[in-house]
Amino acid sequence: MLIFDFDGVLVNSIDEVTVTAYNTVTDRLATGLDQLPDSVPNRFQRNRFHVQVIGDAIPLMRWCLTAPPAEPEGILPRKAYLDLVDREREPLQDRSNRFFSMRKAFVRQDREKWLSLNSPFQPVWDALKGLGPENMVILTNKNRAAAFRLSRHFGLMVAEDRIYSGDDGVGKIENLERIHDRFNDPPYEIVEDSLANLKDLEAHFNRKGDRWIHPILASWGYTGPEDVEHAAVLGFSVFRQADLIDRLQRKLTY
């Protein structure tokens with residue numbers, strides 16, 4: 001059974017996430033990258049791959065806004081990023097809820113501008129349209145309303161109840177357990193651009209020699225500079241869009 005992450009696999013939401021993270025930290029309502037300080041979008045987007053749960057985009061954005069101008073524009077070391085997260089006093093679920101609330105405010109303020117900051121990854125998006133809504137399952141840390149709205153806007157007719165989301169602080173391990181309870185169709189091929197998420201899922205579901213999941217790293221997503229090499233060392237599959245399209249075509253011929 002194929003299961004798809006959303007941001008970084010199906011939809012490129014990096015610009016919208018950047019603006020919404022900025023709004024959440026500053027309590028403003030910017031609607032475009034041009035309204036952010038000059039260095040912030042590039043700095044945040046280069047380090048977006050660190051973030052697994054969206055509430056952790058808040059300490060990352062705060063660092064982007066407060067780091068000295070002379071701070072190198074390179075990649076924040078993993079330990080330094082984790083130190084930022086560890087220093088947070090607001091619970092992760094509360095941070096995520098604030099982010100989702102600010103996203104809703106953005107949509108109310110200017111729905112068309114919000115939509116314009118998102119775009120489907122092509123050609124894999126059009127290939128997915130042929131899969132049929134009864135075969136689509138999405139496992140995401142995004143809020144369900146946003147994932148559903150974007151899917152329908154760009155022509156993917158996924159059923160809303162097949163989007164397993166990060167609402168109410170539910171993580172991917174818990175959601176995959178819900179998917180298994182509903183469909184009971186292992187092994188699950190998880191297409192995901194976060195190597196950290198894949199490692200967490202693999203460690204939880206493939207313990208004691210069981211092979212419940214087959215981790216697949218989407219190399220076109222928000223991956224870190226060494227993630228492809230690390231995924232290969234771990235024995236995970238690494239897909240290009242063409243590889244996923246080939247896998248979809250084989251699924252449709254079964």
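All values below come from the heavy atoms of this structure, side chains included, with hydrogens, waters and symmetry mates left out.
The ring-ring contact (aromatic ring centres under 6.0 Å, His included) pairs that include a residue from residues 129-148 number zero, where partners must be two or more places apart or lie in different chains. Listed by first and then second residue, the ring-ring contact (aromatic ring centres under 6.0 Å, His included) pairs that reach into residues 149-177 come to none, sequence neighbours excluded. Pairs of residues two or more places apart, or lying in two chains, that qualify as ring-ring contact (aromatic ring centres under 6.0 Å, His included) and include a residue from residues 18-55 are H50-Y81. Applying the ring-ring contact (aromatic ring centres under 6.0 Å, His included) test to every pair with at least one member in residues 168-203, sequence neighbours left out, gives these pairs: H180-Y188, H180-W212.
Counting heavy atoms from C-beta on, the side chains of L117 and F106 come closer than 4.5 Å. Residues P215 and L201 are not in side-chain contact: their nearest non-hydrogen atoms beyond the backbone lie 4.5 Å or more apart.
Judged as a side chain to side chain contact (heavy atoms under 4.5 Å, CB included), and not counting sequence neighbours, E134 has no contacts. For A159, the side chain to side chain contact (heavy atoms under 4.5 Å, CB included) partners are D161, R162, not counting sequence neighbours. Scanning for side-chain hydrogen bond (donor to acceptor under 3.5 Å, both in side chains) contacts around R152 gives an empty result, with sequence neighbours left out. Listed by chain and residue number, T31 satisfy the side-chain hydrogen bond (donor to acceptor under 3.5 Å, both in side chains) test with Q35 (two or more places apart in sequence, or in another chain). The side-chain hydrogen bond (donor to acceptor under 3.5 Å, both in side chains) check on D7 picks up S13, K142, with sequence neighbours excluded. With sequence neighbours left out, the side chain to side chain contact (heavy atoms under 4.5 Å, CB included) criterion links R149 to V107, R111, W114. When the side chain to side chain contact (heavy atoms under 4.5 Å, CB included) test is applied to A232, no partner is found at least two apart in sequence or on another chain. The side-chain hydrogen bond (donor to acceptor under 3.5 Å, both in side chains) test applied to E189 returns R247, not counting sequence neighbours.
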Item checked: Verdict with reasoning, Q93 to D168, per side-chain hydrogen bond (donor to acceptor under 3.5 Å, both in side chains) -> CA-CA 7 Å; Q93 183 173 339; D168 301 319; 5.2 Å; no
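D181 and R178 are not joined by a salt bridge, as no carboxylate oxygen comes within less than 4.0 angstrom of a charged side-chain nitrogen. Ion pair K172/E177 not flagged as a salt bridge, since none of the NZ, NE, NH1 or NH2 atoms sits closer than 4.0 Å to an Asp/Glu carboxylate oxygen. Salt-bridge check for D83 with K79: passed, with a basic side-chain N closer than 4.0 Å to an acidic carboxylate O.
Looking at every heavy atom in both residues, R95 comes nearest to I58 through O-CD1, 3.4 Å. Heavy atoms only, all atoms of each residue included: T223 and S219 are closest at OG1-O, 3.9 Å.
Partner of L248 under the side chain to side chain contact (heavy atoms under 4.5 Å, CB included) criterion, chosen from D243, N135, L131: L131. Tested against I190, the residues V9, L2, L176 include a single side chain to side chain contact (heavy atoms under 4.5 Å, CB included) partner, L176.
Checked by atom type, the side-chain pair D126/Q122 shows a donor-acceptor distance below 3.5 Å. Side chains of E112 and S116: no donor on one and acceptor on the other come within 3.5 Å. Donor-acceptor pairing under 3.5 Å is recorded for the side chains of D15 and Q45.
Residues Y222 and V51 are members of separate hydrophobic clusters, defined by side-chain heavy-atom contacts under 4.5 angstrom among Ile, Leu, Val, Met, Phe, Trp and Tyr. Tracing side-chain contacts under 4.5 Å through hydrophobic residues (I, L, V, M, F, W, Y), one reaches V158 starting from I245; they form part of the same cluster.
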